[in-house]
Amino acid sequence: MGNEQMRELPATAIALVTGRPVALYATSVLRIGYGLLYLVFLLREFPHRQEIWGPGSPWTPALAAQLFDQTGWYSFLLLSDSFAYFELCYGMAVVTSALFMFGWRTRATSIAFAVVVTSFHSRSIFMTDGGDNLVLLMSLYLVLTACGRRWSLDARRERRKAARAAGEASRAKSPAPTARHLRDARVTLTTVVHNCGVFIIAAQVCFLYGSAGLYKVQGSYWADGTALHYVLHLELFQPWPALSHLLDQYPLAIAVISYLTVLTQVAFPFVLFGRLKYPVLALLLGMHAGIAVLLGLPVFSGAMIIADAVFLPDRFYTSLPRLGRRTARRLGVRLPRPRGEAGRGAVPPQVRPQTPGLELR
């Protein structure tokens, strides 16, 4: 590599981080996915909410407070031991999850969603199956991202605002230089924070898969291909015992699945920059679907499947409407004509003004 290329690397890296926000569709999918997943989780556990998070839980508020002294966690559920207060918090958690999923005032609701997930997770950390650990991490990371610029109520509101402002652009006064500089700084700051948040999410998923695969390599059961056999005989993870016993009758298939699981997890961080990542993601999708059905861990599987969506490019998501319309035509289903292209539903991109009078929308 020449000296000129070496000098160009820092400039290229800076342009990549500050030039434009990346993976806007992917982060929107994460927002929708985790908001919906946690909403379903809260609704599913609604009959058992008092036993898991309420004042009458076996993991009492006093025990939770003692754990907080050691770990530094915090939960607003411990501000009062009133049952009415807990019911109010639970209802607000359901509403917050729904608003975050729909992308309403996403900057504020993303923070509220992170606080909700953190408070419920830390309140009874030993009462759930651990599938919400990744949801907790992702809720914190999504606060950094502009996850409301696509497929959200914010996007629709900003699109309407831009349409109204287009008719008034000719009458608008040229902003002062100071105002333009402040807007430029705001755009750059939000872009940098968003891109760093996306990088953290991707790095977290790579770390999860890589570490899981390396831990499996060290185990003798995974080395001889019998690990899945023993997993299928754990009574605690047998929602469908007949299905587990049926699969256990095929030792060759169990060995192949065991080796394939280790191989895909270890290889995952190394295939992200090529086309090989697509079959690997498909294999991981099948693996998590199997975990959800065979082991009864839908929250964990759902969280991992949603996290994998960050590695799909925006062109994949923008092609989905066209693919859906093409499939509908083949099936003979008549759909209303779209009012815009695939970018419809997106917040207008933030651009730096090049000429006086150009507004940021």
Side-chain angles (χ1 to χ4, degrees), residues 18-40 42 92-118 135 138-169 172 179 182-201 306-307 309-310 312-321 338-353 358-361:
T18 63
R20 65 179 183 85
V22 300
L24 288 176
Y25 282 96
T27 52
S28 296
V29 170
L30 264 63
R31 184 202 79 239
I32 297 170
Y34 286 118
L36 177 61
L37 182 65
Y38 209 74
L39 175 63
V40 173
L42 292 175
M92 292 181 61
V94 171
V95 173
T96 300
S97 300
L99 293 178
F100 180 66
M101 176 186 65
F102 288 117
W104 182 82
R105 305 292 180 182
T106 314
R107 286 296 183 188
T109 54
S110 63
I111 298 175
F113 181 73
V115 172
V116 164
V117 175
T118 303
V135 181
M138 291 301 173
S139 68
L140 297 175
Y141 299 154
L142 285 174
V143 173
L144 304 175
T145 66
C147 57
R149 294 192 188 178
R150 301 290 187 269
W151 296 337
S152 65
L153 296 178
D154 287 349
R156 187 179 67 170
R157 184 180 64 254
E158 291 296 328
R159 191 173 63 251
R160 292 178 175 178
K161 185 188 300 184
R164 291 195 302 266
E168 303 174 358
L182 289 176
R183 291 178 179 181
D184 287 350
R186 178 179 63 84
V187 171
T188 301
L189 178 61
T190 55
T191 300
V192 170
V193 173
H194 167 84
N195 290 341
C196 290
V198 173
F199 173 78
I200 292 173
I201 292 173
I306 296 167
V310 76
L312 295 174
D314 281 353
R315 62 178 179 274
F316 170 81
Y317 296 107
T318 56
S319 66
L320 291 180
R339 290 180 294 177
E341 299 298 328
R344 175 176 170 265
V347 174
Q350 297 189 38
V351 295
R352 294 172 178 80
L358 181 61
E359 296 286 341
L360 284 173
R361 297 296 179 187

How would you list, by chain and number, every residue that makes a side-chain contact (heavy atoms from CB on, under 4.5 Å) with Phe199, sequence neighbours excluded? none

Does atom CZ of Arg157 have more than 12 heavy-atom neighbours from other groups under 6.0 Å away? yes

Closest approach of Tyr38 to Ser97 (non-hydrogen atoms, all atoms of both residues): CD2-OG, 3.8 Å

Test of understanding: with side-chain contact (heavy atoms from CB on, under 4.5 Å), list the residues that count as partners of Val95, not counting sequence neighbours. Leu99

With a 3.5 Å distance limit and no angle check, can you tell me whether Arg31 reaches the backbone of Phe100 through a side-chain donor-acceptor pair? yes

Rounded to the nearest 0.5 Å, what separation is found between the OH atom of Tyr25 and the CG atom of Leu320? 10.0 Å

Scan for side chain to side chain donor-acceptor pair (under 3.5 Å) pairs involving residues 105-115, sequence neighbours excluded, and state none if there are none. Thr106-Asp154

Which atom of Leu24 lies closest to which atom of Thr27, heavy atoms considered: O-OG1, 3.0 Å

Mind listing the closest non-hydrogen atom pair of Pro21 and Asn195 along with its distance? CA-OD1, 3.3 Å

Side chain Asp314, main chain Val22, donor-acceptor under 3.5 Å: no

Residue list, side-chain contact (heavy atoms from CB on, under 4.5 Å) with Thr96, at least two apart or on another chain: Ala112, Phe113, Val116

What pairs of donor and acceptor atoms, side-chain ones from residues 138-147 against any protein atom, are under 3.5 angstrom apart with sequence neighbours left out?
from	atom 1	to	atom 2	distance (Å)
Ser139	OG	Val135	O	3.3
Ser139	OG	Leu136	O	2.7
Tyr141	OH	Gln204	OE1	2.7
Thr145	OG1	Leu142	O	2.9

With a 4.5 Å heavy-atom cut-off, do Thr191 and His194 have their side chains touching? no

Mind checking what makes side-chain contact (heavy atoms from CB on, under 4.5 Å) contact with Ile306, not counting sequence neighbours? Leu30, Tyr34, Leu37

Quick one: CG on Leu153 to CZ on Phe102, what's the gap to the nearest 0.5 Å? 7.5 Å

Atom of Tyr317, atom of Pro313 and distance for their closest heavy-atom approach: CD1-O, 3.4 Å

